[in-house]
Amino acid sequence: METAARARSLEARISSTDHVRGSPLAKVTLVGYGDFSNPDCARAYRTVLEIEKRMGSRLRYVFRCFPEPLKFANAEESAEAAECAASQGKFWEMHDRMFETSPKSNDFHVARCAEEAGLDVVRFRREMGQRVHLARVRAGREAGLRHGIVRTPALFINSLRHESSFGLTTLLPAVQAAAGGP
């Protein structure tokens, strides 16, 4: 019973290593665990973008990479690519590019996204080749597992797991309710 309750709530605090978009003073914090190779995560991304637009400064969004390498080829590499971008201060540019393009997540795809996101491509390729961010990606996945994440997408609204679908018709009202209304 305790494990099930813990899986429905997120006890982890937002840290300086998290990827955060929005004000720390926002009424609602939406934490998403996702895999850039997962088409369901790409659909959830589009929903979150619309919610960000509608909620404005009342919403803070946190994205945590949770690659599922047994389900999606190159899942870890895609998460590493996002962390490479983060090391250049361009996590969100890379995050958005990878979700806005087809979730192929092969070497060519992530290299093209890196270029389009404005990364130093030479540094990007070096870091990817040396697997500089692999330990961080794996540590993030392990942390997600400890918080009860078993698949993506997984979303938490103010620390409570959103158990319904990730479409706008269910997620937006839940976020709005957490903010105290539309």
Query - Salt-bridge present (Asp96, Arg21; N to O < 4.0 Å) - result: yes

Look up atom [atom1] in [X] and atom [atom2] in [Y], then write down how far apart they are to the nearest 0.5 Å.
X      : Y      : atom1 : atom2 : result
Thr101 : Arg112 : OG1   : CZ    : 5.5 Å
Leu171 : Glu50  : CG    : CD    : 11.5 Å
Arg64  : Phe156 : CZ    : CZ    : 9.0 Å
Cys84  : Arg126 : SG    : CZ    : 10.0 Å
Glu80  : Cys65  : CD    : SG    : 10.0 Å
Met98  : Ser78  : CE    : OG    : 5.5 Å

Work out which heavy atom in [X] is nearest to a heavy atom in [Y]; give both atom names and the distance.
X      : Y      : value
Val175 : Ile51  : CG1-CG2, 4.1 Å
Arg125 : Ala111 : NH2-CB, 3.9 Å
Gly148 : Arg161 : O-NH1, 3.6 Å
Asn158 : Ala178 : ND2-CB, 3.9 Å
Arg58  : Arg54  : NH2-O, 4.2 Å
Leu168 : Pro173 : O-CD, 3.5 Å

Establish, from distance only, whether the side-chain atoms of [X] and [Y] form a donor-acceptor pair under 3.5 Å.
X      : Y     : value
Arg60  : Ser23 : no
Glu68  : Ser37 : no
Thr152 : Asp35 : no

Side-chain touch [X]/[Y], heavy atoms, less than 4.5 angstrom:
X      : Y      : result
Leu155 : Val31  : no
Glu93  : Leu119 : no
Val62  : Thr29  : yes
Phe91  : Phe63  : yes

Report summary line: Which of Phe99, Phe66, Tyr45, Phe72 passes ring pair (Phe, Tyr, Trp, His ring centres under 6.0 Å) with Phe36? It is Phe99

Backbone N/O of [Y] and side chain of [X]: donor-acceptor pair under 3.5 Å:
X      : Y      : result
Asp18  : Val20  : no
Thr47  : Phe166 : yes
Asp120 : Arg123 : yes
Trp92  : Ala86  : no

Requested in this report: Could you check Arg131 against Glu77 for side-chain contact (heavy atoms from CB on, under 4.5 Å), going step by step and ending with a plain yes or no?
Outcome: CA-CA 9 Å; Arg131 313 274 331 242; Glu77 290 81 0; 3.8 Å; yes

Query raised in the report: In terms of hydrophobic clustering (I, L, V, M, F, W, Y; side-chain heavy atoms under 4.5 Å; direct or indirect links), are Leu49 and Ile157 co-clustered?
Result: yes

Query raised in the report: Are Met128 and Val121 linked, directly or through other ILVMFWY residues, by side chains that come within less than 4.5 angstrom of each other?
Result: no

**Report entry** Pairs satisfying side chain to side chain donor-acceptor pair (under 3.5 Å), at least one member in residues 134-144, at least two apart
**Finding:** His19-Arg136, Glu76-Arg138, Glu83-Arg136

Report task. Inspect the surroundings of CD in Glu115 and state if more than 12 heavy atoms from other residues, nucleotides or ligands are less than 6.0 Å away. Result -> no

Query - Residue Arg151 excluded, over 12 heavy atoms near CZ under 6.0 Å - result: no

